[in-house]
Amino acid sequence: MPKPGLRVVLAQPRGFCAGVERAIEIVERALERYGAPVYVRHEIVHNRHVVAALKRKGACFVDEVDEIPEGAVTVFSAHGVAARVERAGQRRKLQIIDAACPLVSKVHKEGQRYAAKGYEVILIGHAGHPEVEGTMGRIDGRVHLISEPGDVAGLAPADPEKLAFVTQTTLSVDDTRDVIGALRARFPAIVGPDTRDICYATQNRQTAVRALAREVDVILVVGAPNSSNSNRLREIGAATGRPSYLLDSADGLEARWLEGARAVGITAGASAPEALVQNLIDRLGLDYDVRVETLAGIAENVHFRLPPELEEHASQAGAA
Ligand code: SF4
């Protein structure tokens with residue numbers, strides 16, 4: 001019996017962002033330059049396939065710096081770390097290479113600047129996410145964490161005239177606008193970057209999933225369950241009325257999701273490798289006669305420099 005037809009539409013852009021590419025390259029270059037093992041605190045990016053591939057090359061993942069032998073080469077993840085973690089690493093005389101995304105570091109600096117000017121800082125973000133822990137731990141003084149408009153009523157700042165906010169980089173643009181609206185309504189003097197802390201990659205992938213929703217019946221988001229930006233993509237897809245599912249890999253696909261669908265859209269979070277998208281298309285091809293197309297979308301041309309010690313090594317390796 002012939003397989004039923006299925007239109008598969010790929011969002012553009014999707015998958016790896018410049019910060020994730022840089023973080024992975026940092027671990028690979030560190031392994032080339034210093035040899036295994038290279039220690040990495042936390043998942044370098046939120047994707048177990050990426051972590052497994054780096055483990056095979058000799059990276060050793062740990063939860064805390066006190067698990068790392070004194071003096072060892074150590075990479076801090078793309079999410080950034082609190083100042084106390086950096087100090088703990090210095091006390092162990094670790095050779096630290098910081099893979100924090102430059103756009104996360106920018107938020108750290110912004111928060112530090114507000115704190116230095118005497119502002120109390122509000123961080124809009126999700127409790128427990130490593131980026132949030134890192135950002136809170138980089139800003140001196142009291143930092144209030146809120147995640148939704150309803151949290152604003154519970155804030156009790158020392159001086160409502162001296163308040164600032166910053167945000168996590170991977171939030172939903174629309175939800176964040178609502179939180180900022182609630183902040184401005186209660187604290188008219190508050191200052192902050194509006195939604196500009198939400199990084200280009202997050203914004204572009206959110207725009208792309210909205211465009212995808214106009215074309216398809218069902219949306220599949222390839223990404224890890226603990227990946228903030230991947231979860232936001234699924235939520236935005238669902239908010240358009242299209243059933244939307246987050247799956248770590250093709251193995252997570254459930255046949256019932258596609259019942260009655262003629263067109264399925266696929267996107268991927270910023271830490272999901274393109275190979276996982278291709279595997280998913282292959283998996284769909286087992287049951288359907290798939291016709292794949294890619295939406296026109298925003299072209300990204302962002303590249304972040306490596307830390308100087310690895311940039312030098314990269315150019316030498318390239319010249320060899
Ligand atoms: S999602 Fe944005 S902030 Fe996070 S690593 Fe990628 S570019 Fe940087």
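Counting starts at 1 for both ligands and their atoms, following the listed order. Hydrogens, waters and symmetry mates play no part in the numbers below; they use all other heavy atoms, side chains included. Computed from a predicted structure; not experimentally measured.
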Quiz prompt | Atoms of ligand 1 close to C17 [distance to a heavy atom under 4.0 angstrom, numbered from 1] | solution = 1 (S), 5 (S), 6 (Fe), 7 (S)

Quiz item: What protein heavy atom is closest to atom 2 (Fe) of ligand 1, reported as residue, atom name and distance in Å?
Solution: C199 SG, 2.3 Å

Quiz item: Is it true that some N/O/S atom of C101, main chain or side chain, lies under 2.8 Å from atom 8 (Fe) of ligand 1?
Solution: yes

Quiz prompt | Option passing side chain to side chain donor-acceptor pair (under 3.5 Å) with N226 (candidates H129, E43, R48) | solution = E43

Self-check item: Shortest protein heavy-atom distance from atom 4 (Fe) of ligand 1, along with the residue and atom involved
Solution: T169 OG1, 4.1 Å

Practice problem: Mark yes when over 12 heavy atoms from residues, nucleotides or ligands other than K3 sit less than 6.0 Å from its NZ; otherwise mark no. | Solution: yes

Quiz item: Considering only heavy atoms, does A78 approach ligand 1 within less than 4.0 Å through its side chain, its backbone, both, or neither?
Solution: neither

Quiz prompt | Cluster link L212 to V218, ILVMFWY, side chain under 4.5 Å | solution = no

Quiz item: Is any side-chain N of the basic residue among E120 and R142 closer than 4.0 Å to the acidic one's carboxylate O?
Solution: yes

Quiz prompt | Reported CG-to-CZ distance for the pair D217 and R7, which is rounded to 0.5 angstrom | solution = 9.0 Å

